[in-house]
Amino acid sequence: MSDIRVRIAPSPTGPLHIGTARTALFNALYARHTAGTFLLRLEDTDVARSSVAFEADILEGLHWLGITWDEGPDTAGGEDNGPYGPYRQMQRLERYAAAAAELLARDLAYPCYCTPDELDADRKAQEAAHLPPKYVGRCATLSAEERAGRIAEGRPAATRFRVAPGLVAFDDAVRGTVEFDTSNLGGDFVIVRGDGTPLYHFTVVVDDAAMRISHVIRGEDHLSNTPKHILLFRALGYPEPVFAHLPLILNPDRTKMSKRKSQTAISDYIAQGFIREALVNYLALLGWSTGTEEEILTFDEIATRFDLDHVQKGGAVFDRERLEWLNGQWIRRLDEEDLVTRLLPFLEADHIAGRIDRTPTADEVRAVLPMIRERLPILGAVGDLIGFLWIDDLRVDAATIVPKRWDAVTTLDALTAARSAIADTGAVSFEADELEPPLRSLAEARGWKAGDLFMAIRVAVTGRTATPPLFDTLVALGRDRVLERLEGAIEGLAAGIA
RNA sequence: GCCCCCAUCGUCUAGAGGCCUAGGACGCCACCCUUUCAAGGUGGAGAUCAGGGGUUCGAAUCCCCUUGGGGGCACCA
């Protein structure tokens with residue numbers, strides 16, 4: 001095991017986001033590639049917005065993707081694993097308090113008694129003057145007496161970190177040297193709220209140092225926060241980790257991917273029937289490439305090839321079409337039993353939602369697998385594809401049965417003829433090979449295009465114009481139901497004509 | 001407004017000075033296969049490498065400027 005240590009630090013204030021999953025994946029891949037350690041830490045200091053339900057969604061989503069971590073809680077509300085715990089920030093409060101006390105004692109930070117109203121007024125004034133928002137420093141130089149006065153007034157004190165003038169530069173592993181002038185950081189920033197709870201910029205540094213994080217691999221949206229973090233690392237005497245800022249995942253309009261404009265919750269992708277292999281494969285290729293033309297790869301294959309050098313700098317638009325294509329590729333690569341197992345829950349959901357009348361057995365699904373596996377971009381499409389097999393009383397609108405080039409009379413005639421042809425066929429064996437010849441000869445004898453006849457039958461027995469191959473479909477339905485549905489269609493057409 | 005980052009087909013990308021009359025994939029179009037839909041196969045359209053200056057014998061690749069896009073500037077994370 002190398003001493004490379006990376007982490008994913010989600011905040012349980014929302015469901016697992018595509019971007020968080022991608023960042024987690026890159027960290028996991030990097031750890032795997034370097035034989036390092038990958039840990040998960042929950043940043044739950046925004047108590048008002050954090051919840052166990054979100055924690056569960058995040059941990060389960062990451063597990064579902066097949067992403068595993070060496071340290072940190074495995075389940076929502078569950079126990080910590082690893083020597084650097086606790087891994088939930090609200091359980092690490094005394095450490096932040098100690099670090100803040102140290103900064104205060106060394107006058108690297110100071111108590112700030114400004115009220116939200118005062119701060120708000122400052123901000124508005126700056127905005128009106130077209131100045132960048134910046135803390136005015138009202139409490140930066142308070143004397144002991146002045147502080148005593150505020151305390152006597154009962155004003156709560158937040159803790160502000162002093163930002164000294166100067167330049168902060170660091171060597172980003174994907175972007176190279178990045179330099180900031182600390183005068184552009186917005187002034188002294190708050191590290192502990194008036195109520196005593198610590199803020200992100202502070203906790204992330206205290207914890208990354210405590211947990212011996214060697215590489216901070218995160219989204220580019222954190223790039224301009226990095227100088228603040230570096231200032232804190234230095235003030236606290238901690239070694240600075242290597243930073244690597246990943247390109248953002250974008251909406252189609254090239255803004256940062258958001259719930260408003262895109263589907264961002266991993267759970268939604270799961271619910272629609274995207275499979276982990278495809279999602280992992282797709283996400284890994286969003287902002288990183290092998291440098292070769294390989295593109296369909298497993299997690300392990302990606303981990304072997306992964307490096308920070310091939311991480312893209314520019315943002316990447318999330319392309320759902322490409323994801324669906326990859327998903328189809330992976331669905332076709334799954335072995336039979338695996339696919340059946342993964343399909344069943346979707347059929348069950350269709351049953352519960354009333355889209356089909358019963359949940360088929362694994363054997364039944366296995367039997368139709370060859371007809372559907374090439375036709376599934378996502379698992380959730382299975383019901384639309386062959387749900388007609390498990391609908392008891394299929395009602396098909398007579399008008400939709402009539403093929404484009406035919407009229408109702410011809411269709412009625414054809415279905416009636418087809419019905420008897422099928423009734424005559426395969427009394428012993430009802431098989432695709434047995435069904436096709438008689439129906440083809442029927443079409444030929446009557447001067448119909450076989451395709452038109454097949455289409456009429458197809459719609460009559462499935463209610464759809466796009467289905468798996470007709471004869472396999474008829475076999476799957478079984479002789480009785482085929483004849484019954486044909487009869488129903490014939491009656492419907494006859495009624496329409498009369 | 002200020003700071004930072006970025007810039008190759010519509011999209012994801014290959015490309016680390018000559019191998020590029022820029023390659024692959026998704027999507028799109030056509031054809032083949034074919035009872036529909038897919039899958040698969042073949043072929044095609046699609047990027048004057050954002051624009052302009054340099055450096056160099058030679059630049060998509062290096063430098064500068066411009067333009068465009070994005071991100072960040074909270075007692076959110």
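The figures here come from the full heavy-atom set of this structure, side chains too, leaving out hydrogens, waters and symmetry mates. Lettering follows sequence order; numbering is per chain, from 1.
Judged as a ring-ring contact (aromatic ring centres under 6.0 Å, His included), and not counting sequence neighbours, A/Y113 has no contacts. Residues satisfying the ring-ring contact (aromatic ring centres under 6.0 Å, His included) test with A/F318, not counting sequence neighbours, are A/Y269, A/Y282. Taking the ring-ring contact (aromatic ring centres under 6.0 Å, His included) definition, one finds that A/Y135 meets it with nothing, sequence neighbours left out. Checked against ring-ring contact (aromatic ring centres under 6.0 Å, His included), A/Y200 has the following partners two or more places apart in sequence or in another chain: A/H222, A/H229. When the salt bridge (charged side-chain N to carboxylate O under 4.0 Å, His left out) test is applied to A/R373, no partner is found at least two apart in sequence or on another chain. Remark: A/R333 engages no residue in a salt bridge (charged side-chain N to carboxylate O under 4.0 Å, His left out) (not counting sequence neighbours).
In this structure, A/F170 and A/F243 have perpendicular ring planes: the angle between them is above 60°, well past the 30° mark.
Nearest to the side-chain atoms of A/R123 among the listed nucleotides B/U36, B/A74, B/A77 stands B/A74. In this structure, of B/G40, B/A77, B/C6, it is B/C6 that holds the atom nearest to the side chain of A/K313. Taking only side-chain atoms of A/N225, from C-beta outward, the nucleotide of B/A38, B/A77, B/C4 with the closest atom is B/A77. For A/V317, counting side-chain heavy atoms from C-beta on, the closest listed nucleotide (B/U11, B/U36, B/C4) is B/U11. When each of B/U35, B/A77, B/G1 is scored by its nearest atom to the side-chain atoms of A/P132, the top-ranked nucleotide is B/G1. With B/G72, B/C75, B/C5 as the choices, the nucleotide that has an atom nearest any side-chain atom of A/V190 turns out to be B/C75.
Residue contacts shown for A/P227 are absent, as no nucleic acid heavy atom lies under 4.0 Å away. Contacts of A/E179 with the nucleic acid, taken as non-hydrogen atoms under 4.0 Å apart, involve only primed sugar atoms and P, OP1 or OP2. Across all strands shown, A/L131 has no heavy atoms under 4.0 Å from either base or sugar-phosphate atoms. At the heavy-atom level, A/G219 lies nowhere under 4.0 Å from the strands shown. Within the 4.0 angstrom heavy-atom criterion, only backbone atoms of the sugar-phosphate kind lie near A/A316; the bases stay farther away. Residue-level contact check: A/G194 touches the bases, meaning some heavy atom is under 4.0 Å from a base atom. Residue contacts for A/P469: at a heavy-atom cut-off of 4.0 Å it reaches a base atom on one of the strands shown. A/S289 comes within contact range of the sugar-phosphate backbone alone, with a heavy-atom separation under 4.0 Å but no base atom that close.
Put simply, CG on A/D221 is 15 Å from C1' on B/A74, counting in whole angstrom units. Following rounding to the nearest Å, A/E118 (CD) and B/C75 (P) show an atom-to-atom distance of 13 Å. In this structure, CG of A/L246 is placed 14 Å from P of B/C6, rounded to the nearest angstrom. To the nearest angstrom, C1' of B/U36 lies 11 Å from CZ of A/F471. A/I191 places its CD1 atom 12 Å from the P atom of B/C75, with the value rounded to the nearest Å. The distance between atom CG of A/D171 and atom P of B/C5, rounded to the nearest whole Å, is 13 Å. B/C73 atom C1' lies 13 Å from atom CG of A/L223, rounded to whole Å.
Side-chain nitrogen and oxygen atoms of A/R193 include none within less than 4.0 Å of the OP1 or OP2 phosphate oxygen of B/A74. Taking 4.0 angstrom as the limit, A/R464 places none of its side-chain polar atoms (N or O) nearer than this to OP1 or OP2 of B/C37. An OP1 or OP2 oxygen of B/G72 is reached within less than 4.0 angstrom by no side-chain nitrogen or oxygen of A/K228. One finds no side-chain N or O of A/H201 lying less than 4.0 angstrom from the OP1 or OP2 phosphate oxygen of B/A74. In this model, the phosphate group of B/C6 is not approached by any side-chain N or O of A/Q312 to a distance below 4.0 Å at OP1 or OP2.
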Could you write nucleotides 60-69 of chain B as a row of B, S and -, 5' to 3', where a protein heavy atom under 4.0 Å of any base atom gives B, of only sugar-phosphate atoms gives S, and otherwise -?
----------

Whether each nucleotide of nucleotides 21-31 of chain B has a protein heavy atom under 4.0 Å at its base (B), only at its sugar-phosphate (S) or at neither (-) is summarised, 5' to 3', as --SSBSS----

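No side-chain donor-acceptor contact under 3.5 Å links A/D117 and A/T115. Looking only at atom types and distance, the side chain of A/T197 has a donor-acceptor partner in the side chain of A/R193 under 3.5 Å away.
For A/L29 against A/A284, the heavy-atom pair with the smallest separation is CD1-CB, 4.3 Å. Across all their heavy atoms, A/A489 and A/I401 have their closest contact at CB-CD1, 3.6 Å.
Across all strands shown, B/A14 remains unpaired; no Watson-Crick or G-U wobble contact has both distances below 3.5 Å. Across the strands present, B/C75 finds no partner; the criterion is a Watson-Crick or G-U wobble pair with both atom distances under 3.5 angstrom. Under the Watson-Crick or G-U wobble criterion, with both distances below 3.5 Å, B/G43 is paired with B/C29.
Ionic pairing of A/E277 and A/R342 is present here: one or more N-O contacts between side-chain nitrogen and carboxylate oxygen are shorter than 4.0 angstrom. A salt bridge between A/D207 and A/R95 is absent, with no side-chain N of the basic residue lying under 4.0 Å from a carboxylate O of the acidic one. A salt bridge links A/R320 to A/E324: one of the charged nitrogens lies within less than 4.0 Å of a carboxylate oxygen.
Near RNA chain B, defined here as any heavy-atom distance below 4.0 Å, there are no residues from residues 376-386 of chain A. Within residues 159-170 of chain A, the residues approaching RNA chain B are A/R160, by heavy-atom distance under 4.0 Å. Of the residues in residues 42-52 of chain A, A/E43, A/T45, A/D46, A/R49 come within less than 4.0 Å of RNA chain B through at least one heavy atom, sorted by number.
One C1' atom belongs to B/C29, the other to B/C6, and the distance between them is 33 Å to the nearest Å. Atom name C1', nucleotides B/C63 and B/U42: the rounded distance is 46 Å, in whole Å. When the P atom is used for both B/A16 and B/C73, the distance is 37 Å, rounded to whole Å. If you take atom C1' in B/G44 and the same atom in B/C9, they sit 14 Å apart, rounded to whole Å. Distance check on atom C1': B/G18 versus B/A39 gives 43 Å, rounded to whole Å. B/C26 and B/C64 have their C1' atoms separated by 37 Å, given to the nearest Å. If you take atom C1' in B/A50 and the same atom in B/A77, they sit 34 Å apart, rounded to whole Å.
The list of side chain to side chain donor-acceptor pair (under 3.5 Å) pairs with a residue in residues 441-451 of chain A, not counting sequence neighbours, reads A/D413-A/R446.
By the 4.5 Å heavy-atom criterion applied to side chains, A/I372 and A/L343 are counted as neighbours. A 4.5 Å side-chain heavy-atom check between A/P227 and A/T182 finds every atom pair outside the cut-off.
Centroid-to-centroid, the aromatic rings of A/F189 and A/F202 stay 6.0 Å apart or farther.
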